[in-house]
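This chain uses plain numbering: 1 for the first residue, then up along the sequence. Hydrogens, waters and symmetry mates are skipped; everything else that's a heavy atom, side chains included, is used.
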Amino acid sequence: MGHDTVETPSLSFGRGGQPGRGTPYARYARLDELHSLQHPLSKAPAEMSFIVTTQVMELLFDLVRHEWTLAQQALREDDLPSALAALRRGTHAQDVLTESWDLLATMTPQEFNSFRALFGEASGFQSSAFLRLEFLLGNKNVALLKMYDEVPETHAELTEALRAPGLYDDALALLARRGLAVHAEPSEQRYRASEEVEAAWRRVYTDPEFAALQPLAEALLDVAERVTRWRQRHLNAVKRTMGGKPGSGGSSGLTWLRKSAEQDVFPELWTIRDEM
C-alpha cells in the first residue's frame, strides 16, 4: 500500500518567499499584474473576449519575434541547426496565434457594434509589435513610422528594425557565404523578388552540393505559409464581424486585408516550384 501514496505538493512558501506577494508561481509570471490589465469600456459581454484575445495576440507577437531574432543570430553564426530549431519553435507560436482568431470567429456584427465605437480610432493596425514582425518579414514601409511620432522610444525601435536585416536577408546572406550567387542587400524598402535569388534557391533544390540548405528553405516556407494563414483568418474574421465597412484606424478594411493576404512572403521560395 505504501507504493500507492500520493505526494502532496508543497503548500507553504514562507521560506525565502516574499510575504504578501502571492505564490512563487504568481510572482514568477506576474499574475496579479497580468490579470489586472483587462478593462472593458462597456457592459457588452463580447468586449471582454475581444480585449483578452487582443492581449494574447500581442504576447504571441513578441514570442514569434523572439524566436525569429534567435534564428537570425544563429544564421549569422552559420549555426543552421540552431536556426532551424528557433524557426520550428516560432511556427508553433504562429499556429497558436492563428488559432486565437477562433475566440472572435463567431462574434456577430451586433455584438461587435455594441462596443466598437468606444475604442475610437484604435486598431490592430497600430500595433508596434505586429509592425516589427512585418519588418522582419521584409514588408517594410517607412511611412508607417509616422504613427509613432509622439512615442520616441517606439519610433526609434521601429526605425532600427526598418534599417536592420530581416529574417530573409540573413537567410540569403548565409546562402551567399555557402557559395551561391546572391548579392541581396538589406533595404528600408519592401522586399522585391529577384531572379538571382530565385536561381540560388533553385540550385538548393536541384544541386546536390547545396542540398544541406533545403531544410532552411522548407523552414522558411513553413513560416511564410503560416503568415498567409494568419492574414486569411484576419480577413475572414473582419468580413464576418463587420463586413466591408472601413477599419477603425482609417484603413480600407477588407480591401487592405485582402491585398495583404495575397502577398507571398519569401516569394522566390514559391515561384521556383513552378519549374520543379
Side-chain angles (χ1 to χ4, degrees), residues 26 29-68 90-137 139 141 144-148 150-151 153-154 157-158 226-263:
R30 302 180 68 174
L31 296 184
D32 289 345
E33 182 178 351
L34 179 65
H35 291 300
S36 69
L37 297 176
Q38 297 75 42
H39 301 284
L41 299 177
S42 74
K43 294 183 179 181
E47 187 181 4
M48 186 64 169
S49 178
F50 184 81
I51 291 174
V52 169
T53 303
T54 298
Q55 292 175 342
V56 166
M57 287 181 176
E58 287 289 325
L59 291 173
L60 289 168
F61 291 157
D62 281 342
L63 178 55
V64 172
R65 178 168 63 97
H66 171 74
E67 298 296 356
W68 289 356
T91 58
H92 296 322
Q94 285 181 273
D95 286 339
V96 177
L97 184 56
T98 299
E99 291 170 2
S100 63
W101 283 113
D102 289 347
L103 296 170
L104 302 178
T106 59
M107 186 181 296
T108 67
Q110 291 87 349
E111 288 174 324
F112 187 46
N113 288 333
S114 67
F115 63 87
R116 184 189 183 203
L118 297 176
F119 56 72
E121 295 180 301
S123 169
F125 177 78
Q126 299 156 4
S127 167
S128 61
F130 177 74
L131 193 55
R132 287 189 188 95
L133 291 184
E134 289 289 305
F135 286 178
L136 276 172
L137 291 169
N139 190 19
N141 185 344
L144 297 179
L145 297 184
K146 184 173 179 58
M147 290 189 291
Y148 310 97
E150 298 181 7
V151 192
E153 183 176 347
T154 301
E157 290 174 356
L158 288 171
R226 283 163 172 79
V227 171
T228 298
R229 289 180 194 169
W230 153 267
R231 292 173 175 173
Q232 290 172 339
R233 286 299 307 274
H234 190 182
L235 171 65
N236 289 334
V238 171
K239 187 175 182 180
R240 179 165 180 163
T241 57
M242 58 177 278
K245 293 187 288 293
S248 54
S251 73
S252 55
L254 289 183
T255 301
W256 182 81
L257 291 172
R258 187 174 290 112
K259 181 179 179 181
S260 176
E262 291 172 352
Q263 293 176 349

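Pairs of residues two or more places apart, or lying in two chains, that qualify as side chain to side chain donor-acceptor pair (under 3.5 Å) and include a residue from residues 44-61 are Q38-Q55, S42-E47, E58-S127.
Here the NE2-CD distance, from H92 to Q94, works out to 11.0 Å after rounding to the nearest 0.5 Å. The distance from the CH2 atom of W68 to the CG atom of L133 is 5.0 Å, given to the nearest 0.5 Å. If you take CD on E262 and CZ on R231, they are separated by 11.0 Å, rounding to the nearest 0.5 Å. Between L257 atom CG and K239 atom NZ the span is 11.5 Å, to the nearest 0.5 Å. Going from atom CG of L97 over to atom OG1 of T91 covers 12.0 Å, rounded to the nearest 0.5 Å. With values rounded to the nearest 0.5 angstrom, H234 atom NE2 is found 7.5 Å from M57 atom CE.
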Side chain to side chain contact (heavy atoms under 4.5 Å, CB included) assessment of W101 paired with N236:
CA-CA 9 Å; W101 283 113; N236 289 334; over 6 Å; no
Could you walk me through whether V52 and L103 pass the side chain to side chain contact (heavy atoms under 4.5 Å, CB included) test, one step at a time?
CA-CA 9 Å; V52 169; L103 296 170; 5.6 Å; no
Please evaluate residues T106 and R240 with respect to the criterion side chain to side chain contact (heavy atoms under 4.5 Å, CB included), reporting the C-alpha separation (whole Å), side-chain torsions for both, the decisive distance (0.1 Å), and the verdict.
CA-CA 8 Å; T106 59; R240 179 165 180 163; 4.1 Å; yes
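Here the shortest heavy-atom pairing between F135 and N141 reads CE2-N, 3.6 Å. In terms of heavy atoms, R233 sits closest to T98 at CG-CG2, 3.6 Å. Residues A44 and F115 share a closest heavy-atom pair of CB-CD2, 4.2 Å. Considering all non-hydrogen atoms of both residues, A93 and L60 come closest at O-CD2, 4.4 Å. Among all heavy-atom pairs drawn from D95 and R226, the shortest one is OD1-NE, 2.8 Å. For the residue pair Q263 and K259, the shortest heavy atom distance occurs at CG-O, 3.4 Å.
Look at R132 and D62 and you find no salt bridge, because none of the NZ, NE, NH1 or NH2 atoms lies under 4.0 Å from a carboxylate O.
Within the 4.5 Å cutoff, no side-chain heavy atoms of F112 are placed close to those of L104. A heavy-atom distance below 4.5 Å is not found between the side chains of Q110 and N113.
With hydrogens and angles ignored, the 3.5 Å screen pairs a side-chain donor or acceptor of Y148 with a backbone N or O of Q126.
Taking K146 as the reference, D149 meet the salt bridge (Lys or Arg N to Asp or Glu O under 4.0 Å) condition, with sequence neighbours excluded. Listed by chain and number, the residues in a ring pair (Phe, Tyr, Trp, His ring centres under 6.0 Å) with F61 are F130, W230 (sequence neighbours excluded).
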